[in-house]
Amino acid sequence: MGLVLVLSFWLRNDKYESIPSPGESLDEYSYSWVGMSLIETGVPIGISGIDGYEDSSLEYINVDRIYQKASGRATPLTISKPWFDHPPLLGLMTGGYAYLKGARSFEEASTFLIRKPMVIVGVISVLLVMVLGWLMFGYEIGLVVGILYGSSPVVVISSRMIQAENALVPISLMVLIFLGLFLKYKNKKAAYWAFAWAGVAMLFKVSGVYMVLACILSVMFLGKVDGKIKLLFEGLLISLAIAILFVIYGVAIDADMFFRILGSNGNRFYGIGPGLFFNLISQSKITGLVSVTDGWILTGWIASLIGMFEKKIGWEKKLLGVMLLSYLSVFTFFGSEFYGWYTFPFWPLLFLFLASLLTKRKDMFGVVLILLIPIGFLMSRLWSGEEFAKVAMLWRVGIPAMLIGFLAMRLLKIENKRLSWILRWSLVGVVLFLNISFLRGITIDSWYTMW
């Protein structure tokens, strides 16, 4: 697990300040400027496109030379104060780090500074997803999910971005860990901790309310303890007591503007449209336009559907399903434009379902078949037609032979634990190599072609 964390940090830290390219999401600067201005003046200042602000100005702030780069802009930034688009906790984290490192003006808040905390947050998410996998399914699945989630190209690159959803990921994993302890050991204190973390999530983004919903559903329908109503009431009070800090913060600075912007936020255009479910499964966006397709997100959705509709499903997959459907409900209800970062909280859940499927000892046919999606796609990106032609015969003969062999073993109910273990970990080794190779091949120049 330690080696997985070291690998995860190395992959996330490599070119973190330039990929995704600076300026692709102005939210990254806005969050950080909010934190810096709060520390310096006590008034949040950031970029906003929401109607209702009285004190707004158009300014050219050439941080990271965004007006000279390919991802730059031609128009000035709309700077608003006091800024209430979202809760301030993420901005205090990234902007506070930049401030500690000596940044005093907005131009000095470069991605080299402000993205560094997100690299650490990404590694913490890998640690927590391993702990959760270990708690739910055992050590082997915990290790497998850590390797896959820690090295998936789309997850690695997306985790570098300063988006509230990247902060929601580790918090949701903490909520799941405590809910898991509650369900597994009937520990009510763990449920209270889950509600507390769900309250903290709403200090990063209001959509973190999906964790409160997941807590309610888990206690009501999955928990086997007495006094559920009392537990729910007290848990909700804990979540509310923490989340209300955002309201206190806004009222203390400018109550009228706070509630005005809160109302404007609720009236945003519903931009994701009726095609959201198709886009959710078929796309792996990171920013508004750029996608890093590696096959893992599609594979994860397939594994999730298989896991949630098994005949015999334990509390572990039920809990993952509750969290996934809770966020899907909030994602659908809150939906604005289909930006990539809105989908980030789904991904650790998909990888947990996938890891539980890959470690099934009695169904290696399914394991091989589902892994051909990311393996084949990554190979097609890494090897040109001429290079693949050298091993095409091995692929053409080897894959059918493997599929037919494991299908025969399944139909004849032949189980070979040692062979299954060797094949499973060989496949994990192959996908780890492909993930790292694909990531290392993404350069600043090639990034602009990934549209």
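Side chains included, hydrogens not; waters and symmetry mates left out as well; all remaining heavy atoms used.
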Can you list, pair by pair, the side-chain donor-acceptor contacts under 3.5 Å of residues 168-175, counting residues two or more places apart and other chains?
{"residue": "Ser172", "atom": "OG", "partner": "Leu168", "partner atom": "O", "Å": "3.3"}
{"residue": "Ser172", "atom": "OG", "partner": "Val169", "partner atom": "O", "Å": "2.7"}

Identify every side-chain donor-acceptor pair in residues 97-106 under 3.5 Å, counting partners at least two apart or on other chains, and give the distances.
{"residue": "Tyr99", "atom": "OH", "partner": "Glu40", "partner atom": "OE1", "Å": "2.8"}
{"residue": "Arg104", "atom": "NH1", "partner": "Tyr99", "partner atom": "O", "Å": "2.7"}
{"residue": "Ser105", "atom": "OG", "partner": "Glu108", "partner atom": "OE1", "Å": "3.4"}

Between side-chain atoms of residues 117-133 and protein atoms elsewhere (two or more places apart, or another chain), which donor-acceptor pairs fall under 3.5 Å?
{"residue": "Ser125", "atom": "OG", "partner": "Val121", "partner atom": "O", "Å": "3.1"}

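Remark: Arg440 engages Asp14 in a salt bridge, criterion side-chain N to carboxylate O under 4.0 Å.
Sorted by first then second residue, the side-chain hydrogen bond (donor to acceptor under 3.5 Å, both in side chains) pairs that include residues 242-259, not counting sequence neighbours, are Asp256-Arg260.
Contact check for Asn187 versus Phe178: no side-chain heavy atoms found under the 4.5 Å cut-off.
The side chain to side chain donor-acceptor pair (under 3.5 Å) search around Thr78 returns none, not counting sequence neighbours. Not a single side chain to side chain donor-acceptor pair (under 3.5 Å) links Asp51 to another residue, sequence neighbours left out.
Side-chain polar atoms of Asp85 and Tyr31 form no donor-acceptor pair below 3.5 angstrom. The closest side-chain donor-acceptor pair between Trp347 and Glu165, if any, does not fall under 3.5 angstrom.
Test Val145, Val428, Leu427, Leu148 against Leu358 for side chain to side chain contact (heavy atoms under 4.5 Å, CB included) and you get one pass: Leu148.
Between Phe331 and Tyr327, the ring planes lie tilted relative to each other; the angle falls in the 30° to 60° range.
In this structure, Tyr16 contributes its side chain and Phe112 its backbone to a donor-acceptor pair below 3.5 Å.
Residue-environment remark: CH2 (Trp301) exceeds the threshold of 12 foreign heavy atoms within 6.0 Å. More than 12 non-hydrogen atoms from other residues, nucleotides or ligands lie less than 6.0 angstrom from NZ of Lys188.
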